[in-house]
> 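Please see the structure below; I have some questions.
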Amino acid sequence: MTDHTGATGAPLDVLVRRTVEQLAARRRGAVAVGAIRGEETATHGAGPRTLFEIGSISKTFTALTLARLAGRGEVALDQPVSELLPDGAAVPLRDGRQIELGHLACHTSGLPRLPKGLMPQGMFSSDPYAGCTEEMLLNGLERTRLRSVPGSRFRYSNLGAGLLGLALARHAGLDYDELVQREICRPLGLADTRVTLDGERAGRLTPGHSRFGRPRPGWRLAALAGAGGLHSTVPDLLRLARASFGDGPAEIAEAVALTRATGHPLSKISTAHPGWLSMDRAQDKEGPRVLFHNGGTGGYRSLLAVIPERRAAVVALSADARSVDGPGMRLLSDLAGHNG
């Protein structure tokens, strides 16, 4: 266990190594952890070129892509998603309110968590989203009843995030993977973050495992790629973390600022932003907030958590379906210090 009494002053390398040891203790799959404290960076565990499925951290990329396009005036956060979909695509309304792109990014669209038609066969599959084509997604959308008025209530939705990625890709005339490469990965130098892995990268994908240590196949998210279809590495996600500090190209910094300035309050201490959740640090309610997103697929778990004002960040990736959130968040607390 980490000794929090003196952990904040410990060398970064020691803190990161300790977190890897905690995570790896009872796992069959590979583990990799990276952290930033000020200008220092440290990584431990699986090699830096090891690829993992990052699951819902993909939503952070999808939302940042939306912010890039909005910053150029190509789309708007308050634009109805129906305007970016094929002619004839029926998008549900509630109380006459349309679903806007910003609603999809903040999980306030009112859409259910999963597409209509995916259950039950998909949930009993080892690759449950592989059959979720654009046609299936849009046909199901026509038959979907919204759970709340768009913009009024937070309801976490893989369907909504996937629909956002699909809509933005259609608008750009690219597939989702190509769009994220253009808008986020190439500007930030993220060489290994992508949906489809070529031969060389496919060989660097570490095998996933269930929480009981059994091998699990990879997931293909098809038309829902914007909700969880990306693979990445610790170094790539640390570069994304630095971008969240405001580092990097100006156009990315502007997009980051837009995602930070947009949000839907969840409680007195937490807010849903495009691509992130934020919350007060338990020990410092007046200080800088934690921004984070985690992810999970059949055989992987992930966490990206940052405190931009402290220039502190943690990336934790596991090829095992048990959560990495607890050790990862404790490491972030150690990096940021207990007194702000």
> So does Val195 get a backbone contact from the side chain of Asp177, meaning a donor-acceptor N/O pair under 3.5 Å?
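Confirmed, Asp177 side chain pairs with Val195 backbone.
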> Examine distances only and state if a side-chain atom of Lys59 and a backbone atom of Gly275 form a donor-acceptor pair shorter than 3.5 Å.
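Answer holds: no.
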> State whether a side-chain donor-acceptor pair under 3.5 Å links Arg242 with Thr41.
yes
> Verify the cluster assignment for Val315 and Ile307: are they in a single hydrophobic cluster under the rule of side-chain heavy atoms below 4.5 Å apart?
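No, Val315 and Ile307 fall in different hydrophobic clusters.
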> Can the ring centroids of Tyr129 and Trp219 be said to lie less than 6.0 angstrom from one another?
yes
> Would Leu168 and Tyr176 satisfy side-chain contact (heavy atoms from CB on, under 4.5 Å), going step by step from the backbone distance to the final call?
CA-CA 8 Å; Leu168 295 176; Tyr176 173 79; over 6 Å; no
> Taking atom CD1 of Ile54 and atom OG1 of Thr193, what is their separation to the nearest 0.5 Å?
6.0 Å
> If we only count heavy atoms from C-beta on, is the Leu317 to Val324 side-chain gap below 4.5 Å?
no
> Salt bridge check, Glu134 against Arg170: does any charged N sit closer than 4.0 Å to a carboxylate O?
yes
> Provide the closest heavy-atom pair for Arg216 versus Ser210 in the form atom of the first, atom of the second, distance.
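In this case the closest contact between Arg216 and Ser210 is CG-N, 3.3 Å.
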> For the pair Asp320 (side chain) and Gly208 (backbone), establish whether a donor and an acceptor sit closer than 3.5 Å, ignoring hydrogens and angles.
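No; judged by distance alone, with no hydrogens or angles, the pair does not exist.
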> Any Lys/Arg nitrogen of Arg260 or Glu309 sitting under 4.0 Å from an Asp/Glu carboxylate oxygen of the other?
yes
> Check whether any side-chain N or O of Thr43 sits under 3.5 Å from a backbone N or O of Gly34 as a donor-acceptor pair, and report yes or no.
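Checking the backbone N and O of Gly34 against the side chain of Thr43, no donor-acceptor pair under 3.5 Å is found.
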> Is there a chain of hydrophobic side chains (I, L, V, M, F, W, Y, each step under 4.5 Å between heavy atoms) that links Leu174 to Ile184?
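Leu174 does not cluster with Ile184.
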> Could you tell me whether the side chain of Arg28 reaches within less than 4.5 Å of the side chain of His209, counting heavy atoms only?
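His209 vs Arg28: side chains touch.
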> Apply ring pair (Phe, Tyr, Trp, His ring centres under 6.0 Å) to Phe154 and His107, showing your working.
CA-CA 5 Å; Phe154 177 87; His107 299 282; 5.7 Å; yes
> So which atom in Gly229 and which in Ser58 form the shortest heavy-atom distance, rounded to 0.1 Å?
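Minimum heavy-atom separation between Gly229 and Ser58: N-OG, 3.4 Å.
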> Would you say the side chains of Thr206 and Tyr300 form a donor-acceptor pair under 3.5 Å?
no
> Check the side chains of Asp78 and His103 for a donor-acceptor pair under 3.5 angstrom, ignoring hydrogens and angles.
no
> Walk me through whether Ile36 and Leu335 qualify under side-chain contact (heavy atoms from CB on, under 4.5 Å).
CA-CA 8 Å; Ile36 300 169; Leu335 302 185; over 6 Å; no
> In this structure, would Val20 and Leu303 fall into the same cluster of hydrophobic residues linked by side-chain contacts under 4.5 Å?
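In one cluster with Val20: Leu303, yes.
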> Using only atom types and a distance under 3.5 Å, with no angle test, would you say the side chain of Arg97 pairs donor to acceptor with the backbone of Leu93?
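Flag not set: sc Arg97 to bb Leu93 has no pair under 3.5 Å.
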> Can you tell me how far CZ of Arg18 sits from NE2 of His44, rounded to the nearest 0.5 angstrom?
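It is 11.5 Å, given to the nearest 0.5 Å.
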> Would you tell me whether Ser148 and Arg94 have side-chain atoms, one donor and one acceptor, within less than 3.5 Å of each other?
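Looking only at side-chain atoms, Arg94 and Ser148 do not form any donor-acceptor pair under 3.5 Å.
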> With clusters defined by side-chain heavy atoms of hydrophobic residues (ILVMFWY) lying less than 4.5 Å apart, directly or transitively, does Phe61 cluster with Leu104?
no
> Honestly curious: do Leu166 and Leu221 fall in one hydrophobic cluster under the side-chain, below-4.5 Å linking rule?
yes
> Just by distance, with hydrogens left out, do Lys116 and Asn139 show a side-chain donor and acceptor under 3.5 Å apart?
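No, no side-chain donor-acceptor pair sits under 3.5 Å.
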> Atom CG in Leu230, atom OG1 in Thr297: separation rounded to 0.5 Å?
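Taking CG in Leu230 and OG1 in Thr297, the distance rounds to 12.0 Å.
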> Is it true that a side-chain atom of Thr262 and a backbone atom of Leu258 form a donor plus acceptor pair closer than 3.5 Å?
yes
> Do you know the tightest heavy-atom contact between Pro187 and Gln181?
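Smallest interatomic distance, heavy atoms only, reads CD-O, 3.9 Å.
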> Can you check whether Leu15's main-chain N or O pairs, donor with acceptor, with Thr19's side chain at less than 3.5 Å?
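Side chain of Thr19 to backbone of Leu15, a donor-acceptor pair under 3.5 Å: yes, one is there.
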> Is the backbone N or O of Ala255 less than 3.5 Å from a side-chain atom of Arg68, with the two atoms forming a donor-acceptor pair by type?
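A pair under 3.5 Å: no.
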> Evaluate the criterion side-chain contact (heavy atoms from CB on, under 4.5 Å) for residue pair His293 and Leu304; output intermediate values, then yes/no.
CA-CA 6 Å; His293 213 300; Leu304 171 62; 5.6 Å; no
> To the nearest 0.5 Å, what is the distance between CG on Leu159 and CG on Leu114?
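These two atoms lie 8.0 Å from each other.
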> Would you indicate whether the side-chain heavy atoms of Val81 and Gln98 approach each other to under 4.5 Å?
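Not touching, per the 4.5 Å side-chain cut-off.
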> Can you establish whether the number of heavy atoms outside Arg182 located under 6.0 Å from its atom CZ is more than 12?
yes
> Going by atom types alone, do Thr65 and Glu183 pair a side-chain donor with an acceptor below 3.5 Å?
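There is no such pair between these side chains.
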> For a quick test of reading the model, state the closest non-hydrogen atom pair linking Leu77 to Glu100 and the distance between them.
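What the structure gives for the nearest pair is O-CB, 3.6 Å.
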> For residues Asp192 and Thr233, is any side-chain donor paired with an opposing acceptor at under 3.5 Å?
no
> Any chance the side chains of Arg113 and Ser157 put a donor and an acceptor closer than 3.5 Å?
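Short answer, no.
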> Hey, is Arg17 close enough to Asp13 for a salt bridge, meaning N to O under 4.0 Å?
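A salt bridge is present here (some side-chain N lies under 4.0 Å from a carboxylate O).
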> Apply side-chain contact (heavy atoms from CB on, under 4.5 Å) to the pair Leu137 and Leu224, showing each step before the final yes or no.
CA-CA 8 Å; Leu137 192 156; Leu224 286 175; 3.7 Å; yes
> Could you check Glu39 against Arg311 for salt bridge (Lys or Arg N to Asp or Glu O under 4.0 Å), going step by step and ending with a plain yes or no?
CA-CA 8 Å; Glu39 300 309 310; Arg311 297 187 66 83; 3.1 Å; yes
> Please check if any side-chain donor atom of Ser278 sits under 3.5 Å from a side-chain acceptor atom of His273, or the reverse.
yes
> Using 0.5 Å steps for rounding, measure from the CZ atom of Phe245 to the CG atom of Leu240.
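Reported to 0.5 Å precision, the distance equals 10.0 Å.
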> Keeping the roles fixed (side chain from Ser244, backbone from Ala241), state whether a donor-acceptor pair exists under 3.5 Å.
yes
> Return the CG to CG distance between Leu331 and Leu12, rounded to the nearest 0.5 Å.
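If we round to the nearest 0.5 Å, Leu331:CG and Leu12:CG are 7.5 Å apart.
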> Verify whether one side chain among Arg211 and Ser323 offers a donor that lies under 3.5 Å from an acceptor in the other.
no
> Stepwise, does the salt bridge (Lys or Arg N to Asp or Glu O under 4.0 Å) test hold for Glu53 with Arg301?
CA-CA 8 Å; Glu53 291 181 359; Arg301 288 295 182 270; over 6 Å; no
> Ignoring hydrogens and angles, tell me if any N or O in the side chain of Thr144 forms a donor-acceptor pair with the backbone of Gly140 under 3.5 Å.
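Judged by distance alone, yes, a pair lies under 3.5 Å.
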> For the residue pair Tyr156 and Ser56, establish whether any side-chain heavy-atom pair is separated by less than 4.5 Å.
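The answer is yes; the side chains approach within 4.5 Å.
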